[in-house]
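Here is the structure we will look at, set down as C-alpha cells.
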Amino acid sequence: MCNSEASPNPSSTPSSVHGLDLPPPGELDQLRRVRIIADGEGFYPSRPAANVISAGIQKLYDGFYPTWSDVSDRTKQGVFNEFMKSCTWSLSEDRIIQSNFKKKASSLLSCMFSKARSNVRRPGWLGSDYWDKLIVYWQSPEF
C-alpha cells in the first residue's frame, strides 16, 4: 500500500469531528454527514466513504500522479477535506480514520486506473494530457 506523506489535518475544520452527539454508524448527523467508524483498514459503512473519496479524487486530480503516493500534498489534503464535508466520526477514532483514509484513497485511485487501463478509455475526470502520460508510464519497464 502507498503511504501518503500528507497528514490530513481535521483541526482545520473543527466541526468535522464530533465527540459526544454522534448518530449511530450509517446515519446522518445534523449537518447531513454520514457517521462512519473504522472497520479493519476501511470504514463502516464502506460505500458512502468510498464514494466520497472517489468523487474527491476525480474532482481534484490535477497532475501526473500514477499512484496515490505521487499525488501532491495539496491535492491529498483537498480530497481529505471533501471527505470531512460528507463524513463524521468520533474524535477517539481520528488517527485510525486518517490512516484508513490514506489506504482507501490509494486503493481507489489504483482501481480507477486499473479499470481505465482495462477499458483502454480515458475517464472523463482525467485530462487528456495526464492520460497520455499515464499510457506511456504503464508501458514503461518501471511499471
Side-chain angles (χ1 to χ4, degrees), residues 1-19 22-23 25-143:
M1 270 263 160
C2 302
N3 287 326
S4 160
E5 296 194 17
S7 177
N9 181 7
S11 63
S12 64
T13 51
S15 64
S16 64
V17 182
H18 294 278
L22 289 169
E27 300 211 2
L28 300 178
D29 70 1
Q30 55 274 53
L31 298 176
R32 306 211 34 84
R33 297 171 302 187
V34 66
R35 160 85 189 282
I36 60 171
I37 58 173
D39 184 25
E41 292 189 347
F43 307 102
Y44 175 80
S46 63
R47 182 57 40 211
N51 288 346
V52 168
I53 296 168
S54 293
I57 291 170
Q58 292 173 17
K59 176 181 176 182
L60 299 171
Y61 189 92
D62 64 350
F64 171 64
Y65 310 127
T67 67
W68 182 252
S69 62
D70 297 317
V71 173
S72 71
D73 290 346
R74 183 179 57 82
T75 300
K76 287 176 185 175
Q77 185 63 53
V79 175
F80 190 74
N81 290 346
E82 292 295 314
F83 179 67
M84 288 192 301
K85 289 178 189 176
S86 296
C87 298
T88 188
W89 55 88
S90 170
L91 186 57
S92 67
E93 285 197 301
D94 192 49
R95 195 166 287 195
I96 188 71
I97 293 289
Q98 288 186 39
S99 175
N100 287 4
F101 168 84
K102 293 173 188 178
K103 292 171 188 170
K104 193 66 172 172
S106 175
S107 173
L108 288 167
L109 181 61
S110 178
C111 289
M112 287 188 265
F113 283 158
S114 178
K115 184 178 177 182
R117 275 193 320 272
S118 295
N119 294 338
V120 193
R121 201 166 103 194
R122 178 180 65 86
W125 55 269
L126 185 63
S128 59
D129 50 340
Y130 303 135
W131 174 248
D132 293 342
K133 289 178 182 178
L134 284 166
I135 290 173
V136 170
Y137 172 77
W138 293 330
Q139 293 171 347
S140 73
E142 61 192 76
F143 180 71

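These numbers come from a predicted model, not from an experiment.
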Which donor-acceptor pairs under 3.5 Å do the side chains of residues 118-127 make with protein atoms, sequence neighbours left out?
residue, atom, partner, partner atom, Å
Ser118, OG, Ser114, O, 3.0
Asn119, ND2, Lys115, O, 3.4
Arg122, NH1, Leu126, O, 2.5

Residues 135-143 side chain polar contacts: donor-acceptor under 3.5 Å, at least two apart:
residue, atom, partner, partner atom, Å
Ser140, OG, Tyr137, O, 2.6

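The shortest distance between side-chain heavy atoms of Pro25 and Arg35 falls below 4.5 Å.
Taking CZ of Phe64 as the reference point, atom CG of Asp70 lies at 7.5 Å (rounded to 0.5 Å). In this structure, the separation between OG on Ser106 and CD1 on Ile57 is 8.5 Å, given to the nearest 0.5 Å. Residue Ile37 holds its CD1 atom at 13.0 Å from OG1 of Thr88, rounded to the nearest 0.5 Å. Put simply, OG on Ser107 and CD1 on Ile53 are 9.5 Å apart, with the number rounded to the nearest 0.5 Å.
For Phe43, the ring pair (Phe, Tyr, Trp, His ring centres under 6.0 Å) test picks out Phe83, with sequence neighbours left out. Residues satisfying the salt bridge (charged side-chain N to carboxylate O under 4.0 Å, His left out) test with Lys133, not counting sequence neighbours, are none. Residues meeting the side chain to side chain contact (heavy atoms under 4.5 Å, CB included) test with Ala38, sequence neighbours left out: Glu93, Ile96, Ile97, Asn100. Partners of Tyr65 by side-chain hydrogen bond (donor to acceptor under 3.5 Å, both in side chains), not counting sequence neighbours, listed by chain and number: Asp62, Ser72.
Counting only residues at least two apart or in different chains, salt bridge (Lys or Arg N to Asp or Glu O under 4.0 Å) contacts with residues 49-60 comprise Lys59-Glu82.
Using modelled atom types, one finds no donor on one side chain facing an acceptor on the other under 3.5 Å when comparing Ser54 with Asn51. Remark: the Asp73 side chain and the Gln77 side chain contain no N/O donor-acceptor pair separated by less than 3.5 Å.
Remark: side-chain polar atoms of Asp94 are not paired, donor with acceptor, to backbone N or O of Leu91 under 3.5 angstrom.
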